[in-house]
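Take a look at the structure set out below.
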Amino acid sequence: MTTTLLMDTIGQYLDRLRLPKAKEILLEVKQLAETQSIGYLDFLERLLSEEVASKEQRRIEFSLKLSGLPYTRTLDDFDFKAAPELDQRQIRSLFDLSFLRDNMNVLFLGPPGLGKTHLAVSLAVKACHEGHSIYFTEMDSLIAKLKSDAAENRPRRGRSYNKSALVVIDEVGYTPLDRHECNLFFRFIKSRYEKGSTIITSNKSFSDWAELAHDPVIITAVLDRLLHHSIVINVKGNSYRLKGKSLKSKEVVQTI
Ligand code: ADP
Ligand code: MG
């Protein structure tokens with residue numbers, strides 16, 4: 001076979017095998033191999049490593065898009081100087097993701113504007129990069145989903161908000177829960193117990209959770225499951241959103 005014919009045939013094979021990046025760079029890598037006398041194995045390695053990197057990049061982009069994350073922020077975007085009350089070492093150590101491998105939960109508790117959601121999002125982004133499945137939801141949307149699934153008698157198992165290795169539930173404690181909602185939330189937390197990790201952010205303390213719920217006994221059972229294997233981070237300080245602004249300003253207060 002002539003070189004041109006061979007290149008065409010290889011291009012068709014790469015198409016059929018769905019290796020678009022390898023096809024895209026085939027000619028370039030072949031020419032490089034010729035000019036730099038690169039061996040067969042190195043040639044193949046270069047072709048495949050670029051294909052793998054490109055597929056991995058696509059997986060990450062796709063997963064982040066489907067994850068429900070409100071934005072993608074990382075720990076690098078987090079300014080520890082603006083959060084002097086946080087234990088920087090403890091926060092940084094979360095990013096080794098050992099909590100995820102141990103199916104532990106992380107709870108960020110504290111007033112608004114202190115970076116709880118930012119940190120939870122950053123952990124989810126890191127987990128996604130490391131190949132874990134992630135799902136982000138606000139508490140209100142989670143409850144709405146659990147209710148509609150329960151009403152239609154759909155199994156929760158296999159649904160992405162349940163099966164993901166890491167589920168972030170943002171803003172727990174804003175809306176009171178009635179008895180049915182408490183029950184659904186308990187079943188959800190129970191189904192993930194020791195099977196996956198859940199990150200929760202809340203502006204309420206645990207005692208306030210019980211007050212917000214119609215059924216404090218169930219909420220105690222929820223906390224029992226959540227806290228058994230967990231890391232609780234109490235976030236204190238001044239709102240980052242209000243940094244450099246005077247709290248006396250009416251305008252600022254209205255934007256909180
Ligand atoms: P919370 O969830 O505690 O209410 P957020 O995570 O939503 O707070 O933070 C509010 C805004 O301030 C976000 O845009 C977030 O990225 C930013 N922010 C908060 N704390 C920090 C910080 N220490 N460094 C950088 N950005 C921060
Ligand atoms: Mg938040």
Side-chain angles (χ1 to χ4, degrees), residues 60 64-65 67-97 99-100 104-129 134-145 161 164 166-177 181 185 188-189 197-209 211-213 219 222-223 226-227 230-256:
I60 291 169
L64 287 176
K65 219 171 179 173
S67 66
L69 283 175
Y71 46 75
T72 52
R73 249 162 236 169
T74 67
L75 186 61
D76 290 340
D77 307 320
F78 194 79
D79 177 9
F80 280 98
K81 282 197 211 82
E85 308 256 4
L86 271 184
D87 180 346
Q88 188 174 157
R89 245 193 26 208
Q90 184 188 29
I91 300 294
R92 287 198 185 279
S93 73
L94 289 175
F95 283 77
D96 70 11
L97 301 183
F99 79 91
L100 196 47
M104 289 177 74
N105 305 316
V106 180
L107 294 96
F108 292 103
L109 305 181
L114 296 182
K116 300 183 299 294
T117 302
H118 183 134
L119 290 170
V121 166
S122 309
L123 281 168
V125 170
K126 175 82 194 283
C128 180
H129 275 91
I134 57 164
Y135 188 83
F136 180 101
T137 177
E138 286 183 359
M139 177 66 166
D140 290 355
S141 321
L142 174 68
I143 295 294
K145 276 195 199 80
Y161 62 79
S164 297
L166 176 63
V167 171
V168 179
I169 311 174
D170 198 29
E171 302 196 338
V172 174
Y174 271 94
T175 318
L177 299 179
E181 291 163 346
F185 188 46
F188 177 75
I189 294 298
S197 285
T198 307
I199 297 181
I200 283 186
T201 81
S202 179
N203 65 334
K204 297 278 190 309
S205 66
F206 295 135
S207 51
D208 292 341
W209 283 28
E211 269 171 35
L212 259 172
I219 288 303
V222 167
L223 283 170
L226 270 179
L227 295 177
S230 69
I231 300 161
V232 178
I233 315 267
N234 283 298
V235 190
K236 295 178 209 129
N238 301 316
S239 170
Y240 191 86
R241 291 190 187 100
L242 302 177
K243 216 160 77 83
K245 292 178 186 159
S246 162
L247 250 179
K248 286 182 197 123
S249 155
K250 237 182 165 180
E251 214 185 343
V252 172
V253 173
Q254 279 167 356
T255 61
I256 296 178

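One-based numbering, in listed order, for ligands and for the atoms of each.
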Within-shell test, D77 vs ligand 1, heavy atom, strictly < 4.0 Å | yes

Looking only at heavy atoms, the pair that brings W209 and K204 closest together is NE1-O, 3.5 Å

So which heavy atom in the protein is nearest atom 12 (O) of ligand 1, and how far is it from that ligand atom?
-> Y240 CD2, 3.2 Å

Is the shortest N/O to N/O distance between G115 and ligand 1 below 3.5 Å?
-> yes

Please indicate whether any nitrogen or oxygen in Y71 is less than 3.5 Å from any nitrogen or oxygen in ligand 1.
-> no

Run the side-chain contact (heavy atoms from CB on, under 4.5 Å) check on I134 and L69 step by step: do they pass?
-> CA-CA 9 Å; I134 57 164; L69 283 175; 4.0 Å; yes

Check each atom of ligand 1 against the heavy atoms of P112 and keep those under 4.0 Å away; list them by number with element.
-> 4 (O)

When every non-hydrogen atom of L212 is compared with those of T175, the smallest separation belongs to CD2-C, 4.2 Å

Any idea which atoms of ligand 1 are less than 4.0 Å away from a heavy-atom of D79?
-> 22 (C), 23 (N), 24 (N), 25 (C)

Checking side-chain contact (heavy atoms from CB on, under 4.5 Å) against I169, which of L226, T198, I143 comes through?
-> T198

Of all protein heavy atoms, the one nearest atom 1 (P) of ligand 1 is G113 N, 3.4 Å

How far is atom 3 (O) of ligand 1 from its nearest protein heavy atom, and which residue and atom is that?
-> K116 NZ, 2.8 Å

Heavy-atom nearest neighbour in the protein, as seen from atom 6 (O) of ligand 1, with distance rounded to 0.1 Å | H118 N, 2.8 Å

Of all the non-hydrogen atoms in the protein, which one sits nearest to atom 11 (C) of ligand 1, and at what distance?
-> R241 CG, 4.0 Å

Going by the order shown, which atoms of ligand 1 are within less than 4.0 Å of some heavy atom of R73?
-> 13 (C), 14 (O), 15 (C), 16 (O)

Min side-chain heavy-atom separation L107-S230 under 4.5 Å | yes

Based purely on interatomic distance, does L114 place a nitrogen or oxygen under 3.5 Å from a nitrogen or oxygen of ligand 1?
-> yes

Here the gap from L100 atom CG to S197 atom OG, rounded to the nearest 0.5 Å, amounts to 4.5 Å

Between the side chains of S205 and D208, is a donor N or O closer than 3.5 angstrom to an acceptor N or O?
-> yes

Any N/O/S of N203 under 2.8 Å from the Mg ion (ligand 2)?
-> no

Minimal non-hydrogen separation, F136 against G68, with atom names = CD2-O, 3.4 Å

Donor-acceptor under 3.5 Å (T201 side chain, E171 main chain) | yes

